[in-house]
K.L.:
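First the structure, then my questions, so here it is.
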2 protein chains.
Amino acid sequence: MPKQAAPLALIDLSTETPCCPPIAQSRIPAEVATVLAPAFKALGDPVRLQLMSMIASAPDGEACVCDLTPAFELSGPTISHHLKTLREAGLVDAERRGTWVYYRARPGIMRQLAALLTVETTAAGA
Amino acid sequence: MPKQAAPLALIDLSTETPCCPPIAQSRIPAEVATVLAPAFKALGDPVRLQLMSMIASAPDGEACVCDLTPAFELSGPTISHHLKTLREAGLVDAERRGTWVYYRARPGIMRQLAALLTVETTAAGA
DNA sequence: ACGCTGTTTCGACATCTGTCAACCTAGACG
DNA sequence: CGTCTAGGTTGACAGATGTCGAAACAGCGT
């Protein structure tokens, strides 16, 4: 394993870092896996996946907690906890505007995760 | 949202089911989230993410356990357990050929997950 | 039959999930 | 200006789930 300039020692998920080729193309380094796994883990829950979808697909690109909470059979604090998980995973951004809190998706990291899973349709083999 | 023929009542991850538009495009139904979340969860571990990458990027499209295990500081059973998780999530296929077991990635579901995370670069807004 | 390879089972330990209570913030009203 | 009400977050806790290691089991080759 040759050491590159090692610019990926710490990957800033906040940016649009185009850090990684698809995992089907080259083996992912341990550091990258360590940093990106939490993002996948955050999406590894049905409620959070739906929350993420509701936020990302919101008309104005942002969703109010007051719209998210009643969409589930869960209590307010539980939704808040899930949102915190998404926030800590770097998937969403929160902003308080007046009484309500609005959540906004980060396209950068989502693009990164999508790129990671990309499979060339032609090189599918078989 | 009119009901289509509702073919996604049970989503077969084994197939190339083009079941879902990107989550940034339309809100993901609860059933889809329930079915796909385990796949993300399976990728939500650094070791499994690396395993997945090693399998998907293997020259012949398949990787032997005997190659995977020594790449980690973990015991054989632990690697086996992680591989089982990937298998149960529908991400990989196992095949015993002689003494060794070979794992092969399923491009279908990976494409599906990637599509789900896709964000139109143009519609990024802002 | 023996040894090797990989999986499974079992158990200890850690982490995650969801709820209740308390707290903080912002706006409304007297 | 003080207080009251409403919306969200945080902290603490039981229950469930996941992680990993040690030992035992099953398939394959010699």
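Since this is a predicted model, take the numbers as computed values, not measurements. Chain naming here is simple, since letters A, B, ... match the order of the sequence lines and numbering starts at 1 in each.
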K.L.:
What residue among Ile79(A), Leu86(A), Leu83(A) forms side-chain contact (heavy atoms from CB on, under 4.5 Å) with Arg48(A)?
P.N.:
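Per the side-chain contact (heavy atoms from CB on, under 4.5 Å) rule, the option paired with Arg48(A) is Leu86(A), out of Ile79(A), Leu86(A), Leu83(A).
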
K.L.:
Below 4.0 angstrom, which residues in residues 44-54 of chain A have at least one non-hydrogen atom near DNA chain D?
P.N.:
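Contacting residues: none.
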
K.L.:
Can you name the nearest heavy-atom pair linking Leu113(A) to Ala39(A), along with the distance?
P.N.:
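That closest heavy-atom pairing would be CD1-CB, 4.0 Å.
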
K.L.:
So, for Ala24(A) and Thr118(A), which heavy atoms are closest and what is the spacing to 0.1 Å?
P.N.:
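What the structure gives for the nearest pair is CB-O, 4.3 Å.
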
K.L.:
Can you name the nearest heavy-atom pair linking Leu49(B) to Ile28(A), along with the distance?
P.N.:
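The pair with the smallest heavy-atom distance is O-CG2, 4.0 Å.
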
K.L.:
Contact class for Phe72(A) vs. all strands (heavy atom < 4.0 Å): base, sugar-phosphate, or nothing?
P.N.:
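Nothing: the residue Phe72(A), judged by heavy atoms under 4.0 Å, touches no strand.
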
K.L.:
The criterion is side chain to side chain contact (heavy atoms under 4.5 Å, CB included); which residues satisfy it with Gln25(A), sequence neighbours excluded?
P.N.:
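Only Pro21(A), Pro22(A), Glu120(A) meet the side chain to side chain contact (heavy atoms under 4.5 Å, CB included) criterion with Gln25(A).
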
K.L.:
On the nucleotide dT5(C), are OP1 or OP2 found under 4.0 Å from the side-chain N or O atoms that Tyr102(B) carries?
P.N.:
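No.
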
K.L.:
With heavy atoms of chain A within less than 4.0 Å as the criterion, where does contact along DNA chain D begin and end?
P.N.:
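So the contact region on DNA chain D extends dG7(D) to dA12(D).
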
K.L.:
Indicate the atoms forming the closest heavy-atom contact of Ala105(A) with Pro107(A), along with that distance.
P.N.:
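Smallest heavy-atom distance, with atoms named: O-CD, 3.4 Å.
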
K.L.:
What's the NE2-C1' distance between His82(A) and dT19(C), to the nearest Å?
P.N.:
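Taking atom C1' of dT19(C) as the reference, NE2 of His82(A) is at 12 Å.
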
K.L.:
So which atom in Arg106(B) and which in Val92(B) form the shortest heavy-atom distance, rounded to 0.1 Å?
P.N.:
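That closest heavy-atom pairing would be NE-O, 3.9 Å.
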
K.L.:
Base, sugar-phosphate or nothing for Leu83(B)? Non-hydrogen atoms, less than 4.0 Å.
P.N.:
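Nothing: the residue Leu83(B), judged by heavy atoms under 4.0 Å, touches no strand.
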
K.L.:
What side-chain donor-acceptor pairs closer than 3.5 Å can you find for residues 56-65 of chain B, not counting sequence neighbours?
P.N.:
residue, atom, partner, partner atom, Å
Ser57(B), OG, Ser53(B), O, 2.7
Glu62(B), OE1, Arg104(B), NH2, 3.0
Glu62(B), OE2, Arg97(B), NH2, 2.5

K.L.:
Between Ala42(B) and Leu91(B), which heavy-atom pair has the shortest distance, and what is it?
P.N.:
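It is CB-CD1, 3.8 Å.
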
K.L.:
For nucleotides 20-30 of chain C, give me one character per nucleotide, 5' to 3': B if any protein heavy atom sits under 4.0 Å from the base, S if the only such contacts are to the sugar-phosphate, - if neither.
P.N.:
BB---BSS---

K.L.:
dT5(C) C1' sits how many Å from Asp67(B) CG, rounded?
P.N.:
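About 13 Å, once rounded to whole Å.
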
K.L.:
Taking for each residue the nucleotide of DNA chain D with the nearest heavy atom, is it Lys84(A) or Lys41(A) whose nucleotide lies nearer the 5' end?
P.N.:
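It is Lys84(A) whose nearest nucleotide is closer to the 5' end.
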
K.L.:
Sequence neighbours left out, what passes salt bridge (charged side-chain N to carboxylate O under 4.0 Å, His left out) with Asp67(B)? Give chain and number order.
P.N.:
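So Asp67(B) forms no salt bridge (charged side-chain N to carboxylate O under 4.0 Å, His left out) with any residue.
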
K.L.:
How many Å lie between CD on Glu73(A) and P on dT19(C), as a whole number?
P.N.:
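One finds 10 Å between P of dT19(C) and CD of Glu73(A), rounded.
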
K.L.:
Counting only heavy atoms not in Glu95(A), do more than 12 sit closer than 6.0 Å to its CD atom?
P.N.:
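Yes, because the 6.0 Å sphere around CD of Glu95(A) holds more than 12 heavy atoms from other groups.
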
